Amino acid sequence: MTSSKMETLSQSSRFVFWCTAPFLIAFMVLFPFLMQSSEPSGWMVVVGCQVFAMFVLLGLYDSKRFWWCWRAVGAMVFLAYVAYLIYAIAQGRWVRGPATVLKAMLGLLAFGVPGIIYAIRGSSTLHDNAEIGDPYEDPFDTES
């Protein structure tokens, strides 16, 4: 992959940041006040959501400087689905109900596995990026 393509793909959109940032900040400020139970598991969910929102905010702000934030988001998605799977197995709900092992496994497959692949490789695909052609290249350009 050429360096110009990497720079294009890694640049964050200021429009997306400024449209998303107020909602993320409001979420981070207001979400702890919505907590009703004082159980440790509830506070772990609140802290996890706060950290998740902070990583997304930093990644949107400057994706070059905070490249590791997006990898942390991918790892957190994977860990959340692993926790969901463990919870469903511990509850003994295999097929029927709101939180089942089947749903947890499907979620882990659909979202958790791509999340951990992105966390490890920095890309959501398993193939080498060098095999892919430049999407910005003009196929009819004969001068290059």
Side-chain angles (χ1 to χ4, degrees), residues 1-139 144:
M1 184 179 283
T2 63
S3 63
S4 64
K5 183 177 176 185
M6 284 295 287
E7 290 172 4
T8 303
L9 293 176
S10 66
Q11 289 177 352
S12 59
S13 168
R14 303 314 297 161
F15 175 76
V16 172
F17 172 74
W18 286 111
C19 288
T20 311
F23 296 104
L24 287 170
I25 292 170
F27 171 78
M28 289 188 292
V29 170
L30 298 175
F31 190 62
F33 294 113
L34 298 175
M35 184 72 184
Q36 293 181 357
S37 68
S38 59
E39 296 179 14
S41 62
W43 284 107
M44 287 181 359
V45 169
V46 169
V47 169
C49 288
Q50 297 286 337
V51 171
F52 187 87
M54 180 59 73
F55 285 154
V56 170
L57 187 66
L58 288 173
L60 288 173
Y61 176 70
D62 189 356
S63 61
K64 285 186 180 181
R65 186 187 314 166
F66 300 111
W67 58 269
W68 51 271
C69 287
W70 291 115
R71 289 185 177 211
V73 166
M76 288 179 73
V77 168
F78 173 76
L79 292 174
Y81 275 100
V82 167
Y84 177 29
L85 180 63
I86 291 170
Y87 172 77
I89 290 172
Q91 294 295 319
R93 298 179 184 153
W94 296 96
V95 180
R96 298 195 184 260
T100 65
V101 174
L102 179 63
K103 290 177 184 177
M105 290 174 65
L106 290 174
L108 184 63
L109 208 65
F111 303 109
V113 171
I116 197 65
I117 290 171
Y118 188 83
I120 293 170
R121 294 182 47 104
S123 171
S124 59
T125 59
L126 288 174
H127 57 78
D128 187 20
N129 289 334
E131 298 172 4
I132 300 173
D134 187 5
Y136 303 107
E137 182 179 341
D138 184 8
S144 56

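Keep in mind it's a predicted model, so treat the numbers as computed, not measured. Residues: numbered from 1 along the sequence shown.
Within a 6.0 Å sphere centred on CZ of Phe27, other residues, nucleotides and ligands contribute more than 12 heavy atoms. Open room surrounds CE on Met105; 12 or fewer heavy atoms of other groups in view lie less than 6.0 Å from it. Environment of CE in Met35: crowded, with over 12 heavy atoms of neighbouring residues, nucleotides or ligands closer than 6.0 Å.
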For residues 88-97, which side-chain N or O atoms pair as donor and acceptor with protein atoms under 3.5 Å away, sequence neighbours left out?
none

Counting only pairs under 3.5 Å, give me each side-chain donor-acceptor contact of residues 66-83, with atom names and distances, residues two or more places apart or in other chains.
| residue | atom | partner | partner atom | Å |
| --- | --- | --- | --- | --- |
| Trp70 | NE1 | Gly59 | O | 3.3 |
| Arg71 | NH1 | Ile120 | O | 3.4 |
| Arg71 | NH2 | Arg121 | O | 3.3 |

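Scanning both residues, Leu109 and Pro114, for their nearest heavy atoms gives O-CD, 3.6 Å. Ala53 approaches Met28 most closely through the heavy-atom pair CB-CG, 3.7 Å.
Residue Leu108 holds its CG atom at 10.0 Å from CD1 of Ile116, rounded to the nearest 0.5 Å. Note that CG of Leu24 is 13.0 Å distant from CZ of Phe31, once rounded to the nearest 0.5 Å. Note that CG of Leu30 and CD1 of Ile25 are 11.5 Å apart. Values are rounded to the nearest 0.5 Å.
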